[in-house]
Protein chains: 2
Amino acid sequence: MKPKLTLKQIAKELDVSISTVSKALRDSNEIGEDTRQKIKAFAKLYNYKPNNIALSLKNRKTKTIGIIIPEIVHHFFTTVISGVEKVANERGYNVLVCLSDNSFDKEVLNMEMLANGSTDGFIMSLAKETMQKQDYHHLMEAINHGMPLVLFDRVVDEISCDKVIIDDVIGAKKAVQHLLDIGCKRIGLISTVDYVSVGKLRTKGYKEALQENGVALDEDLILKIEEIENSEREIEDFIAGKKLDGVFAVNEHFAISAIKAIQENGLRVPEDVSVIGFTDGELSKRFIPSLTTVSQHGERMGEEAATMLIEKLERSATEDEHYKTIIVEAGLVTRNSTKS
Amino acid sequence: MKPKLTLKQIAKELDVSISTVSKALRDSNEIGEDTRQKIKAFAKLYNYKPNNIALSLKNRKTKTIGIIIPEIVHHFFTTVISGVEKVANERGYNVLVCLSDNSFDKEVLNMEMLANGSTDGFIMSLAKETMQKQDYHHLMEAINHGMPLVLFDRVVDEISCDKVIIDDVIGAKKAVQHLLDIGCKRIGLISTVDYVSVGKLRTKGYKEALQENGVALDEDLILKIEEIENSEREIEDFIAGKKLDGVFAVNEHFAISAIKAIQENGLRVPEDVSVIGFTDGELSKRFIPSLTTVSQHGERMGEEAATMLIEKLERSATEDEHYKTIIVEAGLVTRNSTKS
DNA sequence: TTTCAACACGAAAACGTTTGCGTCCCAGTA
DNA sequence: TACTGGGACGCAAACGTTTTCGTGTTGAAA
């Protein structure tokens, strides 16, 4: 077990000073041609690689970006990570992943862990509990300490920072409009409680689409799910009574639960009821019938977020202090859960 | 934008030396009671947190574990990460995630990036290309430099290190046995090429189960998929000609493709053909019919891997130099794609 | 022969910690 | 009074870099 080679060891081995080795390896012309070659040859031979930790300490940057998300066993988040990783990798950054488990405390803890030098900046989607408590002091603190922050998906107006979101309202509108276009009259909405911003926004899109098409809003056709655990039951009950011919669900699980419930009621999808879900998961493609969805383009969001963050990191810090919000468009992907 | 508080600043502010501050904060009894209190109060007031990078440099350990996997948009791997993250978090470690994209070169690059001080040890599942080339020099190098390595799922005999695997052979046997038990006579196997170890092992289990039950092996009923891209076509063709009454697929995708193909052939699942897949993905639970699967217990594997790694990290390095292989049992989860 | 620039290299500080050891001062003892 | 011991603190090295600023040597010009 040989320990890692350091500048000091090279210096001793070649009987020069540490600074000479460092300069030679960085091709400084302060060092004579012959010693430079000798040192570089030696370094290559023994596969010298500078120690990242020492570099981080010296440069006060870690070339690492921290990403904190509520959960990872979730297709959307993994696609986002994938996007982040891709551009991070291209630009020489590493990705530190932390999970908040939707818990406010864990989110704060994770941020504190990473903020003490482990990370140059953050990419985050907020925990449900955080949005509920509306306590964002940990975010403020990071920003105050000069750590760039990019929020995605679960964002919040109170914090001014870069953001990457999907046009939830428009996406939902597209979906509902599509349902209307194929002739649906009684369109149900399966959403989440309003403090989850996406739930609120997608509900808004649903309402706007109805309004623009002159369809009266029937609050009775809207189901708001609080506990994910009981969602299947709630959805069954909801589907059973409403005589719907269209369903718009704010996520994939709800959409699939809806389809199951519909089928259990002896109706067919899409012949009797058309169903559209928000989120473009693996499930949607492979389910039978495959789901018509509003695609979130997670990978794209991840790429945008990472690009913004790295750009901010590599700018001279003091420069422009204004924030962008990138809206990635949501696209309707028609498959087999809607009539054509 | 106030920069982070350091020992030096506290020292200046309180007009003591840096070492006094450090010792006071670490409750050394070298420091007088009153100054100690004063310093601790000040530190708490201004929320001092030691800089991780400096600590890493000094202690030569980063409290970070690197995990390198082929891809992240894959349910099994996310559950593993989830497990790793859980125990890492409990024990004060961070998790650095890198994706190899199944490319040998990216895997090597990632390892080199992380090996230079970013990480104390590795948890890896090997890239397909790596297993193909059988080039493990990067793994050897990490081990030689004293960085513990835990391999999971896609492991390899040539490397001696800790491993976490599933009993693929037994798992596959369980599945095929179950198919035999419910009366299947012509059981097809949809596998991968043999250099993917799991493909080989699960194939072995398939063969053993048949043999133990006195069923003659018909190589014609075995399909080996090379390119994931064309898998659907290949599976369709395979299913069409064989008159199977049972199918065992080595992963979820193949299983679902098989079900689709079966249904397109006018047959019913599970009435006419029973299907079992390896891997316990989200898809399996929610697909219609929901899939009978051999569960891999990814989270459990992640936990085991992380525990082994951390234990090795925190032992005095020189201690026992023997390696464990943990085998987590694969459980059959019967759902609706098999007759009962 | 003296002077001076150019060249090639080394010393040292800095990043933020921890820690072994030295030093100062004061009280207690002989 | 002189010596000793210990309490309370500071110095400095170390982790592995990079970089600024010396410094010594050489060769050529005056």
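Just so it is clear: chains get the letters A, B, ... in the order the sequence lines come, proteins before strands, and each one is counted from 1. Side chains included, hydrogens not; waters and symmetry mates left out as well; all remaining heavy atoms used.
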- Task: For B:Leu55, answer base if it contacts any base atom (sugar-phosphate contacts may also be present), sugar-phosphate if it contacts only those atoms, and nothing otherwise; contact means non-hydrogen atoms under 4.0 Å.
- Result: sugar-phosphate

- Walking along DNA chain C from 5' to 3', note the first and the last nucleotide with an atom under 4.0 Å from a heavy atom of chain A, and give both. C:dA8 to C:dG16

- B:Lys106 bridged to B:Asp101 by N-O distance under 4.0 Å: yes

- Query: Excluding sequence neighbours, so at least two apart, what forms side chain to side chain donor-acceptor pair (under 3.5 Å) with A:Ser17?
  - Reply: A:Ser19, A:Thr20

- Message: What I want to find out is whether B:Lys40 reaches B:Asp27 closely enough, with some N-O distance under 4.0 Å, to be called a salt bridge.
- Response: yes

- Message: Go nucleotide by nucleotide along DNA chain D from the 5' end; which of B:Asn59 and B:Val16 gets its closest nucleotide reached first?
- Response: B:Val16

- Message: Under a 3.5 Å threshold, yes or no: a donor from one side chain and an acceptor from the other, between B:Glu299 and B:Thr79?
- Response: no

- Note on the structure: ring pair (Phe, Tyr, Trp, His ring centres under 6.0 Å) filter on A:His138, not counting sequence neighbours, yields A:Phe104

- Item | Partner set under ring pair (Phe, Tyr, Trp, His ring centres under 6.0 Å) for B:Tyr93, not counting sequence neighbours | none

- Query: What residues, two or more places apart in sequence or in another chain, satisfy ring pair (Phe, Tyr, Trp, His ring centres under 6.0 Å) together with A:Tyr323?
  - Reply: none

- Sequence neighbours excluded - salt bridge (charged side-chain N to carboxylate O under 4.0 Å, His left out) pairs with any residue from residues 132-155 of chain B: none

- Message: I need a per-nucleotide contact map over nucleotides 19-26 of chain D, read 5' to 3'. Cutoff is protein heavy atoms under 4.0 Å; write B for the base, S for backbone only, - otherwise.
- Response: BBB-----

- Do B:Arg300 and B:Glu304 sit within salt-bridge range, that is, some charged N less than 4.0 Å from a carboxylate O? yes

- Specify the separation, in whole Å, of atom NZ of B:Lys8 and atom C1' of D:dC11. 15 Å

- Among residues 31-42 of chain B, which residues get a heavy atom nearer than 4.0 Å to DNA chain D? B:Ile31, B:Gly32, B:Thr35

- Task: Please collect all salt bridge (charged side-chain N to carboxylate O under 4.0 Å, His left out) contacts where either partner lies in residues 4-26 of chain B, sequence neighbours excluded, each pair once.
- Result: B:Lys23-B:Glu30

- Item | Smallest separation among heavy atoms of B:Pro50 and A:Asn116, with atom names | O-CB, 3.6 Å

- Query: Closer to the 5' end of DNA chain D via nearest nucleotide, is it A:Lys49 or B:Asn29?
  - Reply: B:Asn29

- Message: Strictly by salt bridge (charged side-chain N to carboxylate O under 4.0 Å, His left out), give each pair with a member in residues 115-131 of chain B just once, sequence neighbours left out.
- Response: none

- State, to the nearest 10°, the angle formed by the axis through the first five base pairs of the helix from C:dT1-D:dA30 to C:dA30-D:dT1 and the axis through its last five. 90°

- Could I get the full list of side chain to side chain contact (heavy atoms under 4.5 Å, CB included) partners for A:Leu96, not counting sequence neighbours? A:Thr64, A:Leu114, A:Ser118, A:Thr119, B:Thr64, B:Asn94, B:Leu96

